[in-house]
Amino acid sequence: VYVGKTEVTDNPSEAYPVECEAGSLCNDLGDATGDGISDILDIVTIVNYILGSAGFTDELGQCGADITEDGLVDILDVVTIVNNILGNGRSVDAYKVNFHKLGNTLEMDSNGFVGAIQMTIKHDAEASIEFLDNESLVSEYVTNGDKTTLIMVVPSEGPLFEVSSENGFVVEDLKVANSSGYISSNVVDQFALVSAYPNPFNPQTTISFELFADSNIDLAVYNMVGQRVATLV
């Protein structure tokens, strides 16, 4: 980033009570539950706080939850606690993540470690969410009307969740963090495959397709009975 501009609308120093400014009156950094240790229970507490489904037991817990000491309690604090739990030896951090919408399912494709994702989607009011990633450290969501905000901690590549919504869903807000901070991401929700010409063909045909983001593809040819006869790409 060569040039940047930011506008400060709130004073972070006002986010916490005055007594939390003194270290002795604040929980240890990363200890949101006040039990004296920083572990997955603190991650769950912070996730629920961000989603608005539950708060901290006291103001000192909110102070301790801000392990990054940036005046905010967000998924960066979650990622920092994850780093402390997992320690060294994991894969290289991702710096780019693609999310692919396949019908009512969302899949993730990354080039490294993803610490956490926070996403807000819009869908039918009666829709429900089912998490498909059983290896995620924490997966939680809160639905209000036709919008759902969800957080997944250390998600795996592949299918993340499925939305039971007749009219599908739209991703309205997305935040992705690796082990050190926020990273770039995008949602691929469309592609174009032009009809082959001529079709049927012998001995050759022309197939055109268009992608809306860098991604892995599988372009194959099938015969009339549904058997794959060739993989082109």
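Along the sequence shown, the residues carry numbers beginning at 1. The analysis underlying the following values was restricted to heavy atoms, covering all of them including side chains, and did not include hydrogens, waters or symmetry mates.
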I'd like to know whether Asp66 forms a side chain to side chain donor-acceptor pair (under 3.5 Å) with Thr68, so could you lay out the CA-CA distance, the side-chain angles of the two residues, the decisive distance to 0.1 Å, and finally the verdict. CA-CA 5 Å; Asp66 182 19; Thr68 60; 3.3 Å; yes
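- In this structure, Ile129 and Ile121 have side chains that are in contact, with non-hydrogen atoms separated by less than 4.5 Å.
- Remark: side-chain polar atoms of Asp42 are not paired, donor with acceptor, to backbone N or O of Asp31 under 3.5 angstrom.
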What side-chain donor-acceptor pairs closer than 3.5 Å can you find for residues 167-177, not counting sequence neighbours?
unit_1	atom_1	unit_2	atom_2	d
Asn167	ND2	Asp124	OD1	3.1
Glu172	OE1	Lys147	NZ	3.1

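- Residue pairs meeting the salt bridge (charged side-chain N to carboxylate O under 4.0 Å, His left out) criterion with at least one member in residues 129-146, sequence neighbours excluded, do not occur.
- In the hydrophobic clustering, Ile37 connects to no other residue, as no ILVMFWY side-chain heavy atoms lie under 4.5 Å from its own.
- Atom OH of Tyr95 has 12 or fewer heavy atoms from other residues, nucleotides or ligands within 6.0 Å.
- Gln118 places no side-chain N or O within 3.5 Å of a backbone atom of Ile75 that could act as its donor or acceptor partner.
- Contacts classified as side chain to side chain donor-acceptor pair (under 3.5 Å) and involving residues 217-233 (residues at least two apart or in different chains) are given here: Asp218-Arg228, Tyr222-Arg228, Asn223-Gln227, Arg228-Thr231.
- The closest side-chain donor-acceptor pair between Ser128 and Ser164 falls under 3.5 angstrom.
- In terms of the ring pair (Phe, Tyr, Trp, His ring centres under 6.0 Å) criterion, Phe99 has no residue partners (sequence neighbours excluded).
- Note on Leu132: it does not cluster hydrophobically with Val114, by side-chain heavy-atom contacts below 4.5 Å among ILVMFWY residues.
- Contact annotation: the side chain of Lys101 never approaches that of Val188 to less than 4.5 Å [non-hydrogen atoms, C-beta and beyond].
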Enumerate donor-acceptor pairs with a distance under 3.5 Å from any side-chain N or O in residues 195-209 to protein atoms, sequence neighbours excluded.
unit_1	atom_1	unit_2	atom_2	d
Thr205	OG1	Tyr197	N	3.3
Thr205	OG1	Tyr197	O	3.1
Thr205	OG1	Pro198	O	2.7

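- Looking only at side-chain heavy atoms (C-beta outward), Val142 and Thr148 stay at 4.5 Å or farther from each other.
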